[in-house]
Each structure stands twice: as C-alpha cells, then as structure tokens.
Amino acid sequence: MDPECSRLLPALCAVLADPRQLVADDTCLEKLLDWFKTVMETESSLQLLQDHPCLMELLSHVLKPQDMSPRVLSFALRLVGIFAAQEDCFQYLQQGELLLGLFGETGALSWAAWSVPSVRSGWIQGLCSLVRHPSALHFLADSGAVDTIFSLQGDPSLFVASAASQLLVHILALAMQGGASGSPTREAAAWPVCAQKIVNHVEESLHSKATPQVTQALNVLTTTFGRCHSPWTRVLWERLSPSVACLFERDPIPAVHSLMDLLLSVARSPVLNFSACGLWEMLAQTLNRLSPTQAGPLALGTLKLQHCPQELRTRAFSVLLQPLACILKATTQAPGPPGLLDGAADSLLTVDTLLSSKSTCVGLLCQTLAHLEELQMLPQCPSPWPQVPLLGAAVTILRLCDGSADPSSSVGGRLCGTLGGCVRVQRAALDFLGTLSQGMGPLELVLEVFAVLLKTLESPESSPMVLKKAFQATLRWLQNSHKTPSCSDLSADALLFLGELFPILQKRLCSPCWEVRDSALEFLTHLIRHWGGQADFREALRSSEVPAFAHQLLQDPESYVRASAVGAAGQLSTRGLQAAPTSPENPQAQQGLLMDLMHILSTDSEGFPRRAVLRVFTEWLRDGHADVVQDTEWFVATVLQAVSRDLDWEVRVQGLELAQVFLIQAMGQPSLRCPYTVGLPEATSPSPHPEFLQTLCRLPLFEFAFCALLDCDRPVAQKACDLLLFLRDKTSSCSGTQEVGDNPSSASVEAVLQRWREGEQGQLLGDLDPEAMLAILRSLDLEGLQDKLAKSSDHVEKSPQSLLQDMLATVGILEENEADCY
C-alpha cells in the first residue's frame with residue numbers, strides 16, 4: 001500500500017466507524033472497495049490487517065450495527081468478504097468469531113438495519129466474495145448462512161432476491177468443483193454438504209404448490225446450466241429432470257417463462273446427452289401444452305439450437321407460423337405449399353387466442369412477426385423458407401389494419417374490427433415486410449407489396465411512426481427489386497411505383513407534423529444517394545416539385561427538420577437535381593444553396609442544422625462539388641471562420657475534419673483532384689508547393705487548429721492534434737533542420753508559444769509566414785499532447801490518495817488546502 005494512503009487510513013476508518021460523521025456518498029465507498037480489491041491482488045490481506053490495526057477495529061465495529069449507518073454497514077460487510085477471500089485471512093477472522101457474528105444465522109438477521117435492502121445486499125455480496133476456498137464451504141455448512149440465503153430468494157427487493165439466487169449457484173459450483181468434477185458420482189451421499197443442501201432445497205421447491213418457490217428453483221437451475229459446463233451438471237439434471245417433468249402435469253403449468261428458460265439453458269449445455277435424458281421429448285411436450293402466446297418464445301429458442309432434431313424443428317416452426325396461418329385462412333387466401341402454413345392453420349387454440357381480446361391478439365401478432373423477422377436473419381433459418389405465404393400474410397395484416405381487407409368469414413370480420421387502425425401491429429408488420437424484401441416473390445405479389453406501401457404512405461390515418469416504418473420498408477423493397485442481382489438500376493415496376501410515390505412524398509413534405517416532414521426528407525436523401533445518377537429516376541424526380549419543397553424546408557421552424565433538409569438539399573445539389581432557380585441568368589441565384597447553407601452555419605441557433613451543414617460541406621469538398629472548386633480558398637476560409645466561433649464542440653470537430661480533407665487534397669494526393677495540385681509531381685508526394693504554404697498561412701486553418709489544441713472539449717483537441725501531426729509530417733522536409741532560433745521571426749514565435757502555453761485565446765498568430773508556421777509545428781510536443789489527451793479527464797484525481805483525501809475532506813478532517821476535491 002502506498003505510504004501516504006497508509007497515513008490517511010486510520011483517520012478514514014475512524015470516520016467510517018463514527019455514526020456522528022456524515023460519510024461520503026455511495027460512489028466514494030464503491031471506489032474505496034475497488035481500491036481494496038486492487039491492493040489485495042498483489043498483497044496479502046492478512047498482512048494488510050496486521051499492518052493496519054485500524055482496519056480490524058473498523059471490521060469489529062460492525063458487530064455493533066446500531067452504531068453504524070446502513071450505508072457504512074453494507075460497505076463493511078462487503079469489505080469483510082474481500083479480506084476473507086484469501087484463506088489464511090479467513091481463518092484469522094474466524095478465530096475471533098467475527099465471521100460468525102456477521103454471516104451466521106444468529107448474526108445479521110437480528111439487526112434492526114437488516115430491514116434496509118442495501119444491508120441485505122451487502123451481506124450477500126460480502127458472502128459471495130468470501131466463498132472462494134474450502135474453508136468457506138465448511139463455514140457455510142456449519143453457520144446456517146445457506147438457510148438465510150434460501151429465505152432471501154423471496155426477498156421483496158428484486159435486486160436482493162436475484163443476488164441470493166446467483167450466490168446459490170456460485171456456492172454450488174464451488175462445492176461441486178472439488179467434489180465431482182472429474183468422474184461425477186451418482187451417490188447423493190457422496191456430494192459435498194453444501195451442494196446436497198442446495199440441491200435438496202431446489203428439489204423441494206420444485207414440488208411446492210407455491211409458484212414463487214417453483215420460480216426461484218427454476219431460476220437457480222437455469223443459471224447453473226448456463227454457467228457450469230462440468231460433468232456434474234449431467235448428474236444434476238438426471239436427478240432433477242423428473243421433478244421438472246412433473247410440472248407439466250399441473251394445470252395450469254406454473255412459472256411458464258422460467259420453465260422455458262430452463263429447458264433452453266439445458267439444451268445449450270455442451271455436456272448433456274439430450275437423447276438419453278429425454279430433453280427433446282420434454283421440449284416437444286412443452287410446445288404442445290403451452291398457449292400460442294407462451295409457445296412463441298420457446299419455439300424461437302428451439303429453432304436457434306444447434307443440434308435440434310429435424311422433427312422438433314419442424315414442430316417449432318409450425319407453432320411459430322400458426323398465427324399467420326390463421327390470418328390467411330380467415331381472409332380465404334391460399335396458405336402456401338403443403339407442410340408449411342397449411343398444416344399450422346388447424347389450431348383452434350390459436351384462433352381463440354386471436355379473437356379473445358384486442359390486447360391478446362395484438363400481442364400475439366407482434367410477437368410472431370418479431371420472432372420471424374429475427375429468425376430470417378439467423379444461420380438456423382428453416383429451409384425452405386415460406387417466402388410467398390409470409391409475404392401474403394404481412395400484406396394481409398396491413399390491409400386488416402388500414403381497413404382495405406375484404407374477409408369472407410366471420411373470423412376475418414372480427415379481425416378487421418380488432419386490428420383496424422392498430423399502430424403497434426402496423427409497425428411490426430412493416431418491419432417484417434422490410435425484412436422479407438431480401439427474398440424472392442412473384443411479380444403479382446411484389447406489386448401488392450408496393451400497393452399496400454403506397455396506401456399506408458398516403459393514408460391520413462397513418463401515424464408518424466407508421467409512416468417512418470413505411471418509408472424504411474419502401475426503401476428496402478426498392479433496393480431489392482432489381483432486374484438482376486448485379487444491376488443496381490430500378491426496375492420498370494419500381495419506376496412506375498416512384499411515379500405514384502413522388503406526389504405522396506411531396507404531400508408528406510408539407511405535413512403539419514414535424515416528425516413526418518423529417519422522415520420524408522430522410523427517405524428522399526436515401527433515394528437520391530442510391531439512384532440519383534440513374535436517368536429515369538432523375539427524370540421522375542425533376543418532373544415533381546419534391547426538390548423545391550425540400551429546399552423550402554431549410555427554413556423549417558423545427559431544427560431536426562432543418563438538419564434533414566440540409567442533408568437532402570446537399571444530395572440534390574451533388575447530383576445536379578436541385579430546384580431550378582427562379583432567375584437562371586442571375587449568378588447569385590445559381591449559388592443560392594451554398595449561400596443558404598453558409599447562412600445556416602453562421603446564424604442557426606440549434607446545433608443539429610449546423611452539424612448537417614458541415615457534413616454536406618465536407619462531402620462537397622471531398623467530391624469536388626462545382627460550387628466549392630470554383631473558389632476553394634474562399635470556401636474553406638469562410639467555413640473555418642464560422643466554425644472557429646461555434647460553441648458546439650461537434651461542429652468544431654467536423655470543421656477540423658473538413659480542414660483535414662482540404663489538406664489531403666491540396667498536398668498532392670494523386671487520387672484526389674484539387675486546384676492546388678496542378679503542376680505537382682504525381683508519382684510521389686514530397687514537400688508541399690511553396691505557393692500552397694503561402695495559401696495555408698492566409699487561411700485561418702492553422703490558427704484554428706493551433707487554438708483548438710487547448711479546446712475545453714477533449715474530442716476537439718484530439719482532432720486538432722491529429723491534424724497538426726499530419727501537417728507536420730507532410731512538411732517535415734521543408735526548410736531542412738532549421739529550428740526556432742535560426743530565423744528572424746524566432747522571438748515572435750517564442751512569444752506566440754508562450755501565450756499559447758499560458759492558455760491565452762484570441763488572435764494568437766496574426767500574420768504568419770511559412771517559416772514561422774513550420775517553426776511552431778516543430779516546437780510543439782504533439783506526441784506528448786496526444787498521449788495526455790488519450791487519458792481520461794480525471795486520470796490525475798483517480799489515485800487512491802486523492803480518494804482518501806476527498807472522503808476525509810467531506811467531514812473536515814483535512815485542512816482546506818490539503819483536499820483534492822474535483
């Protein structure tokens with residue numbers, strides 16, 4: 001332990017033991033525990049106690065809980081466990097009966113503070129730290145602590161109850177690790193005492209008539225099989241599986257969700273022989289007994305298993321498909337190939353569930369759609385995948401929701417009334433429909449998909465979230481409706497669809513709801529990014545008023561919409577699809593968007609639009625946009641001048657990113673085009689051209705990056721440091737090995753550096769010549785600064801000494817000038 005910490009420790013222990021002192025908050029106590037754990041990773045905990053008697057006094061003080069606050073009492077219990085994790089220290093503490101007084105059955109339970117959940121939690125955590133060696137297992141067997149853990153499984157605090165179950169698993173694993181890890185014995189009498197006690201308790205709880213006790217036992221077993229993969233778990237399942245099987249004979253089945261979790265946890269175990277232990281039969285029996293709502297998660301979990309028999313996989317997939325099969329049957333649509341949805345449609349239980357209540361119907365459909373969406377993305381996805389009937393089911397569900405379905409049965413009519421206008425089901429169906437776009441489908445069905453998407457986007461009843469989901473699904477279907485897999489052009493049907501879509505999109509851009517306007521702009525941006533270069537798409541977009549409406553939204557009162565409008569307008573301009581100016585002969589009208597974006601960057605009160613402008617400008621500069629190339633120096637200077645005054649740190653970081661793109665292009669990268677690279681050799685990129693260095697001095701780029709090194713926001717300073725390191729590397733061959741003192745401007749350069757080191761802001765550099773700029777670059781310890789910036793902002797104050805000083809300062813033990821508060 002650090003000598004200074006040793007000096008401070010007695011005072012801190014006295015404070016913690018004094019009930020009259022206001023002890024530091026829980027965060028400080030957690031940090032203190034972490035520090036003790038770190039110390040004892042390299043030192044003997046017994047030696048630490050012997051060298052610091054104050055610690056033993058503090059731990060002994062816990063035996064008088066009435067003299068300690070619950071917060072400190074919980075801390076002390078955990079600290080005892082940390083010390084006792086080393087066996088020699090455990091035996092030392094046990095001699096003084098400290099452990100029995102804290103963790104025995106006659107100890108903590110009699111405290112008044114035991115009613116506080118944090119004390120019970122501290123007791124469990126201390127015991128969990130303590131149980132690391134055989135001596136601790138003997139202590140648990142003799143002290144009655146295990147019985148206390150059993151009772152805490154039903155604690156009213158969920159955190160305490162969960163921790164108690166986790167502790168039982170920890171004890172069981174430690175006990176069996178020494179007694180039955182190699183060749184597991186089938187004789188229960190040969191198991192360690194603690195293991196016998198826990199397994200007997202779990203077995204008794206499985207036979208209990210009280211559902212909470214059954215749930216507790218199942219949770220312990222689920223965690224055990226999830227964490228422990230030793231041979232003894234096979235013996236454990238052979239012993240307890242009959243008790244688990246008996247649960248299926250009850251009506252209703254108790255603790256269904258916990259039971260399903262257990263079966264799936266056992267099925268993932270790498271050490272069990274599933275055929276021999278009857279697990280597959282138990283899973284099949286469970287699928288048959290559960291209601292459709294309960295069976296869905298188990299069916300999905302079964303299909304995810306690596307070594308599941310095909311017959312069980314088929315049964316699980318059938319269970320998962322039942323609700324959609326009922327939907328198709330209720331609307332008199334063909335359920336698809338034999339053996340898939342048609343076989344699943346016969347469950348009267350599923351129909352009853354769908355019709356029982358609106359909440360049950362909605363919950364079952366949303367769960368089914370989400371499970372199938374997840375399943376399609378997995379390697380374990382069933383094959384063949386019933387793409388056509390699933391597409392039909394998704395389209396039908398959306399039609400039931402928007403009221404356009406025409407059911408011919410009483411079941412279908414009731415489903416229309418139940419699902420009409422249901423936003424939750426619409427969102428789930430649109431998500432699933434988007435996922436199905438990755439598969440194939442007949443043209444007639446694809447046209448039905450486009451039709452239902454158009455209706456959803458056009459309907460005045462569609463909520464903002466439904467419209468957002470519909471835009472996302474539409475984009476995915478457009479992306480996957482190519483003529484051939486190698487062709488990215490839109491198909492003829494997709495182009496016809498776009499002809500109907502653009503008037504709807506134009507309407508949504510004028511929506512009174514800002515979320516709808518924002519979603520429409522995002523959708524437009526994606527469309528242009530994907531197909532802005534395709535002639536048919538360009539013609540369809542230009543024939544609409546969508547570009548003009550998108551440009552108008554740059555003035556939207558909502559900042560999110562303005563930011564999305566900036567992105568859309570930037571894409572339109574990049575592709576040459578911006579709205580035609582009202583006065584083509586006016587040069588200012590031609591550059592209207594550039595000036596509009598400059599105005600937003602300089603004056604917008606919200607950060608989102610300004611960040612969006614910087615992203616567009618950076619992309620324009622990287623791609624050689626015509627408005628940028630026309631006068632790159634003016635463009636970069638104007639942007640950086642605005643960015644340097646911006647209070648948003650993300651804007652400043654993006655401004656530095658733009659500056660770096662400019663440098664990369666201007667310093668002779670052969671793959672990038674920039675007016676400053678003219679005349680430079682293309683085979684290599686040696687030192688920059690002198691004219692460019694003069695240009696760089698005229699721009700505010702270097703001064704902006706130089707001042708940003710001291711930015712109060714660390715990401716800005718890091719980005720500035722990276723930028724200047726790049727610039728220094730590229731200019732390293734300029735002026736030979738000349739140092740600061742070798743030129744006439746050395747005095748002014750030293751003055752600048754001195755003011756910079758003192759943190760002075762403002763115009764530090766003034767008029768700068770290339771030699772002075774290069775001298776400043778060489779004089780800065782950029783690598784050292786980069787290392788400092790890579791550390792956390794509190795790396796100086798995170799020392800144990802600082803922590804102890806802060807905790808003592810809160811109670812006035814230290815003088816004011818000794819405290820290291822932060």
Side-chain angles (χ1 to χ4, degrees), residues 77-78 80-91 93-94 99-100 102-105 107-108 123-154 160-206 213 216-241 243-244 262 265-266 269-272 277:
L77 286 167
R78 295 171 63 185
V80 170
I82 292 172
F83 277 106
Q86 295 183 15
E87 194 162 10
D88 57 348
C89 189
F90 174 90
Q91 293 168 352
L93 293 173
Q94 193 176 22
L99 295 180
L100 192 62
L102 296 180
F103 298 107
E105 59 183 349
W123 185 88
I124 292 175
Q125 292 179 67
L127 204 54
C128 187
S129 298
L130 178 151
V131 181
R132 291 288 186 273
H133 40 73
S135 297
L137 291 174
H138 295 309
F139 170 77
L140 290 175
D142 300 334
S143 65
V146 176
D147 293 323
T148 304
I149 302 172
F150 291 156
S151 66
L152 289 175
Q153 281 188 284
V160 174
S162 175
S165 294
Q166 301 286 332
L167 178 56
L168 287 178
V169 175
H170 175 68
I171 296 171
L172 178 61
L174 180 64
M176 296 303 291
Q177 180 181 354
S181 59
S183 54
T185 177
R186 297 179 182 273
E187 296 296 330
W191 286 21
V193 176
C194 280
Q196 289 187 52
K197 196 164 189 176
I198 293 173
V199 173
N200 290 337
H201 172 75
V202 169
E203 191 169 27
E204 291 173 8
S205 298
L206 288 173
Q213 288 188 332
Q216 293 163 17
L218 293 172
N219 290 343
V220 168
L221 291 178
T222 300
T223 306
T224 300
F225 287 105
R227 289 185 184 176
C228 306
H229 300 147
S230 299
W232 63 265
T233 57
R234 183 164 61 249
V235 181
L236 180 66
W237 179 247
E238 289 174 359
R239 172 174 173 178
L240 295 181
S241 57
S243 300
V244 174
L262 171 61
S265 181
V266 172
S269 172
V271 299
L272 295 184
C277 68

Side chain to side chain, L99 and L130, heavy atoms closer than 4.5 Å | yes
Gap between atom OG1 of T233 and atom CD of E238 - 0.5 Å precision = 10.0 Å
Do L77 and V80 touch side chain to side chain, with heavy atoms closer than 4.5 Å?
-> no
Of the non-hydrogen atoms in Q213 and S205, which two are nearest, and what is the gap between them?
-> O-CB, 3.5 Å
Output yes when a side-chain donor or acceptor of S241 lies under 3.5 Å from a complementary backbone atom of W237, and no otherwise.
-> yes
To the nearest 0.5 Å, tell me how far W123 CH2 sits from L102 CG.
-> 10.5 Å
With E203, which residues qualify under salt bridge (charged side-chain N to carboxylate O under 4.0 Å, His left out), at least two apart?
-> R239
Evaluate the side-chain proximity of F150 to L168: yes if any heavy-atom separation is below 4.5 Å, no if none is.
-> yes
Who passes side-chain contact (heavy atoms from CB on, under 4.5 Å) against T222, sequence neighbours left out?
-> D261, L262, S265
Atom of A85, atom of R132 and distance for their closest heavy-atom approach = O-CB, 3.8 Å
Of all heavy-atom pairs linking A175 and C194, the shortest is CB-CB, 4.5 Å
Taking only residues two or more places apart in sequence, or in another chain, which ones meet E204 in a side-chain contact (heavy atoms from CB on, under 4.5 Å)?
-> none
Rounded to the nearest 0.5 Å, how far apart are CD of Q166 and OG1 of T224?
-> 9.0 Å
How many angstroms lie between NE2 in H201 and CG in L172, if you round to the nearest 0.5 Å?
-> 12.0 Å
By side-chain contact (heavy atoms from CB on, under 4.5 Å), C128 pairs with (sequence neighbours left out) L167, H170
Which residues satisfy the side-chain hydrogen bond (donor to acceptor under 3.5 Å, both in side chains) test with Q125, sequence neighbours excluded?
-> R78, S121
Side-chain polar contacts of residues 138-148 - donor-acceptor pairs under 3.5 angstrom, sequence neighbours left out - could you list them?
{"unit_1": "S143", "atom_1": "OG", "unit_2": "F139", "atom_2": "O", "d": "2.9"}
{"unit_1": "S143", "atom_1": "OG", "unit_2": "A145", "atom_2": "N", "d": "3.3"}
{"unit_1": "D147", "atom_1": "OD2", "unit_2": "K197", "atom_2": "NZ", "d": "3.3"}

dist L236:CG -> R234:CZ (nearest 0.5 Å) comes out at 12.0 Å
Distance, nearest 0.5 Å, that separates CD of Q91 from CG of D88 = 7.0 Å
Sequence neighbours excluded, which residues qualify as side-chain contact (heavy atoms from CB on, under 4.5 Å) partners of A164?
-> I124, I149, L152, Q153
